[in-house]
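The block underneath contains the structure these notes are about, expressed in structure tokens.
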Amino acid sequence: MRLLGYSIREILRRPGRTTLTLLGIAIGVSAIVAISITINTTRGAYRELFESISGRASLEVVAEGTGGFELQALDEVRKIDGVRSIVPAIQSFSALGSTRGYLPVMALGIDPQIDRDTRDYFFREGRFLESGDEVMLEAGFAESQGIHTNDEVRMLTTAGTAKLKVVGLLEPRGPAAIAGGAIVIVPLPTAQRLFKLPKQINTAQLVLEPGFDVASIEANVAKVLPPGLDVQTPSARGGLSQSSMLSTEQGLAVMSVVSLVAGAFVILNTFLMSVGERQRQLAILRALGTTRWQLTRILLAEALLLGCIGTIVGIGLGLCLAVALTRGMEGILQTHLPDLKLSLQPFLLAAVLGPGMALAATYVPARKAAGRSILAGLFDELTLRSEQKRSIWPGCLGIALIALANVVVAGFLNDWFPSEIIDWIVRPTMAAFLVGSVLLIPFILGPLSKVSAIILGPLLGVEGRIAFRQLDRRRQRTALTVGVLFIAIVVSIGMGNSLMNSIRDISDWTERTIVSDFLIRSVVPDTGILMAASMPEELAAQFQSLGGVERVDKVNFVPARVSGQRVLLIARDWPADRPVGLDLAEGDPNEVLRGLLSGEAVLGTSLAHRLGLHRGDTITLETRMGPKRLRVAGTSTEYTAGGASLYVDRETVRKLMKLNGVDVLMIKATEGQLADLNPRLKEFCEREHLLIQSQSDFRKMIDGMMSGVVGFLWLLMALVFVVASLGVVNTLTMNAMEQTREFGVLRAIGLLRRQIGRMVLAEAISMALISVVPGVVMGIALAFLMNASTYPIVGHPVDFKVEAGFVIACVGAALAISVLAALLPARRASKLKIVRALQYE
Amino acid sequence: MIPTSDVAIRVRGVTKSFGSGEARVEALRGVDLEIPSGQFVAVMGQSGSGKSTLLHLLGGLDYPTSGTISIEGHDLSSLDDDALTLLRRRRIGFIFQAFNLLEVLSAEENVALPLVIDGESNAVAVARARECLELVGISHRRSHRPTEMSGGEQQRVAIARALVTQPLVIFADEPTGNLDSQNGDQIMALLRRLVDEKKQTVFMVTHDPRHAALADRLIVLRDGRVANEQRPSQAMRTGEDSSLSNLHENG
């Protein structure tokens, strides 16, 4: 029999424990895989949105802001070596009428004569565009909306509602594949008319000769472009979506690490138990001539085998979880995401981390087993003594890891690290903090155990007293299980509390910023890139003419560049006689309002922090007339585009960067007229196919989006608790197994079945209680640190408040999960046959 | 026939089988016994003769397949698990070959445990435990854990634990099996003393004829049946030592 055969038999001998180990690995791996795939899919969707629409073009020229430019502006570009052709286009977000109201779509205006230089179209039916008010749609999208060739569809544009004839239905490939097929392709002249860009375009795709270096051509193009135009790779426009999703992605990334670390501790514990249980067999192997290294290899081979199987199961679970997370992400971003974008990276990560964590968690027990004396193993010299001999190095390592994590957090708070590497250091920092904390647990286990015994002793009686002794006897095992429970509590309290603080902050921000009674839009915007279909500006006057309207303020979301950073410029009307309506962090409200009206800007706190700017400083905004310097009138709390945004008066923006239509109309009702105005507005919007949201509707929408994020994190926290429960089941099963003979004795001398069951439950409750004390303390500390860590992201301090109810709920969850996990081992222990238990070896 | 009031245990037609079909093993095939109070009974027999099974059934650790076992007039078969447990807790003491002390408890705590389980106050349980430890001569080791004691000491603690509830009968399953001869002799002397001085009923399974000879009555089991019953001293005298030695060697 080969040694691997022995390993497999050992694994199969304990199917229950093997399953628990596999689940520990699988859950950790599944979290990593699911989160990586979800983030890749979301990021990829935005990158591909702009890449697919650009076809074979490697570069594109766009106008600053939302305006257009004339193709002649690129005459100099044509002369640059390597530029084969320039394909003009208009790209704009729009809304297409359907049986279910207006749907957000990307409108693409193309020149039918030359567009195939850069984009390929694959027809399912119909023909290519010729001229006039014609449109091509993606076949699947059209089918879902009940649209056929030769039908007439309505499209909401800045020039009003247009009627277009469907001439072709496309296969979901090339530009037709973007945004789940939500694309409307029209002839360029039609687009110029509908989006009020006469003889203009807003994008020009540059198709390059093969073999030329894209970066050097980009640099050459930039040199000859007139002010107000910018050259970039097509995917660069997705950059803003990364700012919007940064916090959510980081939260998910941290949770994936937590699942992995918790899983690793479960595996470590399992292998320690397994090795302890098999010490006699391992000693026999040694006595028969197995070398220490061979023994280590046997155990590592078992770990590797379990790691590989767990990884395969974890990848399967991860794919299912990724589907759920991606659907959740769609809800948060209010957009359609494509099917899962599978790349090699998550699977490579899983292939390394799954077996890797199994091997890492097994190495110490394997070395320990190989190092044990043969006689000690053969004659069952108690491992307890060696367990009681506490090594100091885990404690030192624990302190070092926690110190390291704190240094990193301090660096994070004090901007010691460039923002690009923050994404990379968040996960290892969290892992270091958790591993360090768990390594310290054995050192506080004794006192905590005593405290728990004092508290629970009177409640649990003699069963409790024996249970405490059993836990104390197996300190290492208890410490690791307590460690996993501790991780679940720390992370739940830390992340949950911090999240709740942030939600309150966002809620306060919404309340202070959205001061109007109603918001009117064409469709709900995609919150990833914050682009929505613009409406005709004339609508503002029509709303104003409805009775009971005090004022209508116009808002445009304009992608812009400030000091080289991609930002969202929020251009908004500011009435001189009204409060500024911003959640100001710096600046007096009246002075800020005066500043805005005189052409100054208010920076989101996050952007201000990133640029290191304060009130009174100046920013450089890229405009159609070249770089313009604007004074910073103040800073305000801002969550739009992840805080990478700034406010400028709409009139100022109109002068600097051409505005096309209006994205949002904010309507304030005349005092006392709100109730009467509501039905009139609704009727008007229904007729014009516009989306109306009252202030409470808008808040509900924000709450809905927040609950999506919260739901994600709750799901992942639940996973961590599931991993923790696996640890508890494992430990209690092993404890119960080791105590089989003791249970037999206890039953023989008069302990009832239910008392035996209660003993096992008492062990579970004790472990939960032991983990709760440090868990709550460290959880609140983590919440404070996480709260502080949001400063570099949001640019302002979020008020820290301990959510007592939530903390109690987490403690309750830990206790509940422990008791639930103990039910099966308790039941098994209470069902033991006395005679068989007494004969148990 | 012993008067009913003096009978501690009455066994009538007890059988016990394990498994089913071809794998069925008849461990006991109709055992009848009456054990009076205050008697020291030794049971011997070859391995597989059913002596341990009999001890388990009499001690209420298992149920017979058929037949009745009465302890103080209670038919064990008619008791449910809880009632049987309470009977074990209050009226029966056990001494095992492997001592079976709880490693996590000290000697005193081990001895006090049955009383604590029964709801006795800690003070009373500890006081009673100390008396019992004193009785078996191990009170100086009362705060030590089993792992810190020799086999003989551990078995003394186990005897003290068996005594602490003042049981009707103590069942001892090869109590000297894990001990050297010196310690074994000391334990047997202790059991004998308990019977003589405290009128304690003891039912002991053993392989050792020298220890069986200390009992008041010897029951020899063969193939699940009572093959022989006599006073051990008589057996030793009548030259049956060789058969007892044979049992010892084959047991």
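Chain letters run A, B, ... following the sequence lines, proteins first, then strands; residues in each count from 1. Since the model is a prediction, treat every value here as computed from it, not as a measurement.
- Note: B/Glu109 leads B/Arg90, B/Gln97, B/Glu109 in heavy-atom pairs under 4.5 Å with chain A.
- Of the two parts of B/Phe171, neither the backbone nor the side chain holds a non-hydrogen atom closer than 4.5 Å to a non-hydrogen atom of chain A.
- No donor-acceptor distance shorter than 3.5 angstrom exists from the side chain of B/Arg88 to the backbone of A/Gly750, with no hydrogens or angles considered.
- Taking the side-chain hydrogen bond (donor to acceptor under 3.5 Å, both in side chains) definition, one finds that B/Asp180 meets it with B/Asn183, sequence neighbours left out.
- Of all residues in residues 13-22 of chain B, none places a non-hydrogen atom less than 4.5 angstrom from a non-hydrogen atom of chain A.
- Interface residues of residues 120-134 of chain B toward chain A, defined by a heavy-atom distance below 4.5 Å and sorted by number: B/Asn122.
- Within 6.0 Å of the CZ atom in A/Arg367, the count of heavy atoms belonging to other residues, nucleotides or ligands does not exceed 12.
- Neither the backbone nor the side chain of B/Arg91 comes within contact range of chain A, judged by heavy atoms closer than 4.5 Å.
- Per-residue counts of heavy-atom pairs under 4.5 Å with chain A were compared for B/Val116, B/Asp81, B/Leu113; the largest is that of B/Asp81.
- Using a 4.0 Å cut-off between charged nitrogen and carboxylate oxygen, A/Arg753 and B/Asp82 do not count as a salt-bridge pair.
- Between B/Leu115 atom CG and A/Ile749 atom CD1 the span is 9.5 Å, to the nearest 0.5 Å.
- B/Arg161 places a side-chain heavy atom less than 4.5 Å from the side chain of A/Val745.
- Counting non-hydrogen atoms of neighbouring residues, nucleotides and ligands closer than 6.0 angstrom, the CZ atom of A/Arg828 reaches no more than 12 such neighbours.
- The CG atom of B/Asp173 sits 9.0 Å away from atom CG of A/Leu838, with the distance rounded to the nearest 0.5 Å.
- Neither the backbone nor the side chain of A/Glu463 comes within contact range of chain B, judged by heavy atoms closer than 4.5 Å.
- Proximity to chain A among residues 56-64 of chain B is limited to B/His56, B/Leu61, B/Asp62, judged by heavy-atom separations below 4.5 angstrom.
- To the nearest 0.5 angstrom, B/Leu84 atom CG is 10.5 Å from A/Leu752 atom CG.
- The CZ atom of A/Arg747 sits 11.0 Å away from atom CZ of B/Phe94, with the distance rounded to the nearest 0.5 Å.
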